[in-house]
Each structure stands twice: as structure tokens, then as C-alpha cells.
**Student:** 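Starting off with a structure, shown below.
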Number of protein chains: 2
Amino acid sequence: MKKVLIADDEQDILDILKFNLEAEGYMVETANNGVVAIEKAKSFLPDLIILDVMMPGKTGIEVCGVLRMLPAFKSTLIIFLTAMSDDTAEVKGLEIGADDYLKKPIRPKVLMSKVNSLFRRVSKEIDHNINLGELIINRENFSVRYKNEDISLARKEFELLSLLASKPSKVFLRNEILNQIWGTEVIVGDRTIDVHIRKIRQKLNLDCIKTVKGVGYKFEL
Amino acid sequence: MKKVLIADDEQDILDILKFNLEAEGYMVETANNGVVAIEKAKSFLPDLIILDVMMPGKTGIEVCGVLRMLPAFKSTLIIFLTAMSDDTAEVKGLEIGADDYLKKPIRPKVLMSKVNSLFRRVSKEIDHNINLGELIINRENFSVRYKNEDISLARKEFELLSLLASKPSKVFLRNEILNQIWGTEVIVGDRTIDVHIRKIRQKLNLDCIKTVKGVGYKFEL
DNA sequence: AATTGCATTAACAATTTGATAATACCTTTA
DNA sequence: TAAAGGTATTATCAAATTGTTAATGCAATT
């Protein structure tokens, strides 16, 4: 289920968009100004952000600029909402890394078709990626980025981290892990997992993989 | 999505062109003088460059001349914008390697039809080419240019490099590579890929093809 | 027929990765 | 607090993977 964050200072717009997006099965969060939008984006990690250009405090363009600096939002979709009048905004918006823009007044149908088509466009890429803010795993590139640093993992390490990160907070039993990564054919000892976990912790600098004694491991935060 | 760079010293023109091009789905960058145009061209690697002839500092003709010297812009489309008055410019422009010219004042419809038809005209060629700045692969000529030097590759080497370079950063599994280049019928030994990779690395002087152990190869940078 | 160039394979070296065991450590519980 | 059960750490060895070079066979060209 895709997550969408909407930022606008007009409650009406938030309501309309939220209603329509939820009707199509999206998970929606809202923010009524730029600062809140940035905060919520960081915690909610949406797949799409819809930003009003004109907001008190930080404009949508500024918000976009801030977010695009962060690696976690490098590939997040961003759509601008702009009033008919300020058409230079469109220009600046796309330059700064927006994926599309919408003119007010908004036609829900137009919005939904844009949103859907954007998601269709990138659906494959998104499926391949795991984006947890601090941690970005790209299955296509076999690359891992943690706290803004590229980390190179060996194959098993990569698979193990991918597995754990694919469902944050879920505890994976040792058996589950063995089945998923080693398969049912191969039989390896219990310490093997520990050793790989350790290597990951080492490379990622001790964090976020928690041990649940007597049960297994989970990825958190 | 095609990329277009516009260079003009009049902000109005930039805005109008940008608006119209983006409305048709092009990705647009702008520059308000010749020097910036050259810089942006190098980083943005547009498919089309629209150059105003009369610009302070470097004229569009000069910009075109500079860019055409660079192998990365050998096949980039270039359109000149010229004021009605100086019609000698057209001549010089086309001589120096422009693909078309437009007289000011600009009619957006005329522009768009020119742009679209230019892209249609060369769409096939462009698809056949890979342009990564330092590396230029021309599938039609079977030619490879890397760091400003022509490199002659054998058939399999060429195909392998083309494949990897077609999606930079993506890791191609050994199986994928075998399927793409050798097909499913033929069966070749395991070292075959390695040997070809080695030859490419040798000819390209050790760079940009990275090994991902246990997985495959990828092209990067 | 000889030459040349390419694709493939074979053989071996070098490297990286994975698994295990031994040991140290921690936590819980009796 | 000592014992037990589980986990972390480390070193070590085995295995898998890749790199390199040379040799072979084939096909096109001269």
C-alpha cells in the first residue's frame, strides 16, 4: 500500500485530496505547513508527496529543496500544487526536482490519474528498493546506503540485511532466516547466522539489528 | 523522457519555452548565457539544446561550436533561435552543426512541432546510442569512445559493454548476461564472461566495470 | 593455403566469502 | 552466586568465485 503525504495550508484541499486518495486505497498523512511537512515526511516516509507551493513559512519549493538533499527522498515522488497565477513556480518546481505539478483549482480526476500514472511509471523501481530513511537498500544495484554512507556487503550479508529490513520490527526466527536465505536443502550451524549478523553490525557500525534472545533477530529504527 | 536545455538571455523566452516543453513531457533545464549553457550541457547531457544566437558573452554559435567539438555532443540535437534581422546566422548555424533554426518571435506551436519532428526523425538513432559523458557507445557504428579515445571492441565485447552500460549501476546477474548475449540455446563455460570482461577492462584501461561477487557485474561511473 | 582475429576453453592463481569451533560474555534462574 | 542456556567474538579453515594467461579451434579474409 502506497503512502502519500499532502501539505497544504487550506484544510479544504487537504480534506478533498485525502478523501480521494484514500478512496483509491492510498495511505494518507497531511501537514498544514512546510515545517510540519518535512517532519512528517521524515517519520512517515511517503512514496509520494503533494506540496502546495504557497504556504506560510516554508513554501513547497523550499520543502522540496530540503527533502531532495536527503538521500531518503532522492527517489520519492513529488507533485506541486500551484495557483493559476504564479506560473513561474512550475518552472522552479520541476527544476528543483518535482516530478509533476497540478494547477489549482484541482480536479480530483486529474489528480488521481496523475498520481496513478506516476506510480505506474516507477512501480518496478519502488518494489526493488527498501527505503527506511537512514537505510536505503537497492536490490537492483546491490547497494546499501546507511547514514549517508555507501556500504559494501557480501552476498549473504546483503540478503540477510534485506530480509530483516524488508519488515522492520518483525522478529525473524532463526529457522525463518535459515529457510529464506539458505533454503531447506543446505544445513548450516546455528552460529553461522550470528557471524553474519555480526559482520553487518560491524559494517553498519553497531545499530538497528536487535537480538531477541531465544527467538531471533529483528531490524528496528 | 527526453531532456532539453534552453539557453537564452531573456527570462521571458526561457519561461515560455520551458512551459510549453514541459507541458509535452520534456525535462527542461535552462541557462541564461552561453557559459552556463556549456556547463549545464555537460552535466545535464540533454538530447536537445535550444540556443539563442544573440547572447551576451558567448553567442549561441560559439556555444554550438564548443559543444560540437566534444564527442558527447556529436549527435545532440541543436536548434538556434534567431532574430528576424540577422539571417546570415541561419547559415552559419547550420554550417556549424545546428539541426534546425527558429525565427523570433517564437510561436510555441511551431516550436513544438519542430522539436517533436526532430525527435521523431532521430528517435531510432538515439535509442541505439548510449551517452554517458565519458563513454559513448554507438550501436549503429559499433563504435566506442571512452575518455575521448576511440576504442575498438570485438563483437562480444561490444555487446557485453553495451548491455552493462545500458543501465548504469544495475547489477547484471551472470545468467542475465548469458541470456541476453548468448541466448538460451548456446551453452558456454563459466570463464567465458570473465575473459570478455577482462578484455574490456583492458581496452578501457581498468575502470567502471565492477564485480559484485556471487552476483554479477555492473557498470558504474 | 596461409593468415588473421575472435570466441571459447582449460588450467591455475588469487581473492573473497562462508562455516565452524573454541572461547568469552551476558542474562536468567535456581 | 553459581549454573545453565543462549549469544558475541575471534581465529581458522574450507569452499566458492573470479582473475589471468595461454592454448585451441573456428571462420573470415587475403
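Order of the sequence lines sets the chain letters (A, B, ...), proteins ahead of strands, with each chain counted from 1.
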**Student:** Could you check how far CZ of Arg198(B) sits from C1' of dT21(D), rounded to whole Å?
**Tutor:** 7 Å
**Student:** Tell me whether Glu176(A) contacts the main-chain N or O of Leu173(A) through its side chain, where contact means a donor paired with an acceptor under 3.5 Å.
**Tutor:** yes
**Student:** Please check the phosphate of dG19(D) (OP1 and OP2 only) for any side-chain N or O of Thr211(B) closer than 4.0 Å.
**Tutor:** yes
**Student:** Just to verify, what does Asp9(A) make a side chain to side chain donor-acceptor pair (under 3.5 Å) with, not counting sequence neighbours?
**Tutor:** none
**Student:** Applying side chain to side chain contact (heavy atoms under 4.5 Å, CB included), run through Tyr26(B) and Met112(B) and close with a yes or a no.
**Tutor:** CA-CA 11 Å; Tyr26(B) 294 99; Met112(B) 291 317 300; 3.8 Å; yes
**Student:** Rounded to whole angstroms, how far apart are CD on Glu159(B) and C1' on dT8(C)?
**Tutor:** 15 Å
**Student:** Any side-chain donor paired with an acceptor under 3.5 Å for Arg174(A) and Thr192(A)?
**Tutor:** no
**Student:** Got a sec, which residues hit ring-ring contact (aromatic ring centres under 6.0 Å, His included) with Phe44(B), two or more places apart in sequence or on another chain?
**Tutor:** none
**Student:** Should we count NZ of Lys42(A) as having more than 12 external heavy atoms under 6.0 Å?
**Tutor:** no
**Student:** With the threshold set at under 4.0 Å for non-hydrogen atoms, list the residues of residues 161-169 of chain A touching DNA chain C in residue-number order.
**Tutor:** none
**Student:** Would you mind listing every ring pair (Phe, Tyr, Trp, His ring centres under 6.0 Å) that reaches into residues 175-199 of chain A, with sequence neighbours excluded?
**Tutor:** Trp182(A)-His196(A)
**Student:** According to salt bridge (charged side-chain N to carboxylate O under 4.0 Å, His left out), who are the partners of Lys156(B), at least two apart in sequence or on a separate chain?
**Tutor:** none
**Student:** Is Arg174(B) near enough to dT17(D) that one of its side-chain N or O atoms lies under 4.0 angstrom from OP1 or OP2?
**Tutor:** no
**Student:** Mind checking what makes salt bridge (charged side-chain N to carboxylate O under 4.0 Å, His left out) contact with Lys147(A), not counting sequence neighbours?
**Tutor:** Asp207(A)
**Student:** Would you please say whether a donor-acceptor pair under 3.5 Å links the side chains of Arg139(B) and Ser166(B)?
**Tutor:** no
**Student:** Mind grabbing the angle between the end helix axes of the helix from dA1(C)-dT30(D) to dA30(C)-dT1(D)? Five pairs an end, 10° rounding.
**Tutor:** 20°
**Student:** Along nucleotides 13-26 of chain C, 5' to 3', which nucleotides get a B, which get an S, and which get a -, given that the test is a protein heavy-atom distance under 4.0 Å?
**Tutor:** --BSSBSB-----B
**Student:** Cut-off 3.5 Å, side chains only: do Glu24(A) and Asn20(A) have a donor facing an acceptor?
**Tutor:** no
**Student:** Protein-nucleotides 24-30 of chain D N/O pairs closer than 3.5 Å?
**Tutor:**
none

**Student:** Nearest whole angstrom, please: distance from the P of dG5(C) to the CZ of Phe142(B).
**Tutor:** 19 Å
**Student:** Identify whether any heavy atom of Phe158(A) sits under 4.0 Å from a base atom; if not, whether one sits that close to sugar-phosphate; answer base, sugar-phosphate or nothing.
**Tutor:** nothing
**Student:** Just jot down the side chain to side chain donor-acceptor pair (under 3.5 Å) partners of Ser113(B), sequence neighbours excluded, or say none.
**Tutor:** none
**Student:** In whole angstrom, what separates Lys210(A)'s NZ from dT27(C)'s P?
**Tutor:** 15 Å
**Student:** Which residues pass the side chain to side chain contact (heavy atoms under 4.5 Å, CB included) test with Lys58(A), not counting sequence neighbours?
**Tutor:** Ile38(A), Glu62(A), Val63(A), Val66(A)
**Student:** Starting at CD1 of Ile197(A) and ending at P of dG6(D), how long is that distance when rounded to a whole Å?
**Tutor:** 18 Å
**Student:** Between Tyr217(B) and dG19(D), does any side-chain N or O lie under 4.0 Å from OP1 or OP2?
**Tutor:** yes
**Student:** Applying side chain to side chain donor-acceptor pair (under 3.5 Å), name anything that partners Lys203(B), two or more places apart in sequence or on another chain.
**Tutor:** Glu157(B)
**Student:** Rounded to the nearest angstrom, tell me the gap between atom CG in Asp194(B) and atom P in dA11(C).
**Tutor:** 16 Å
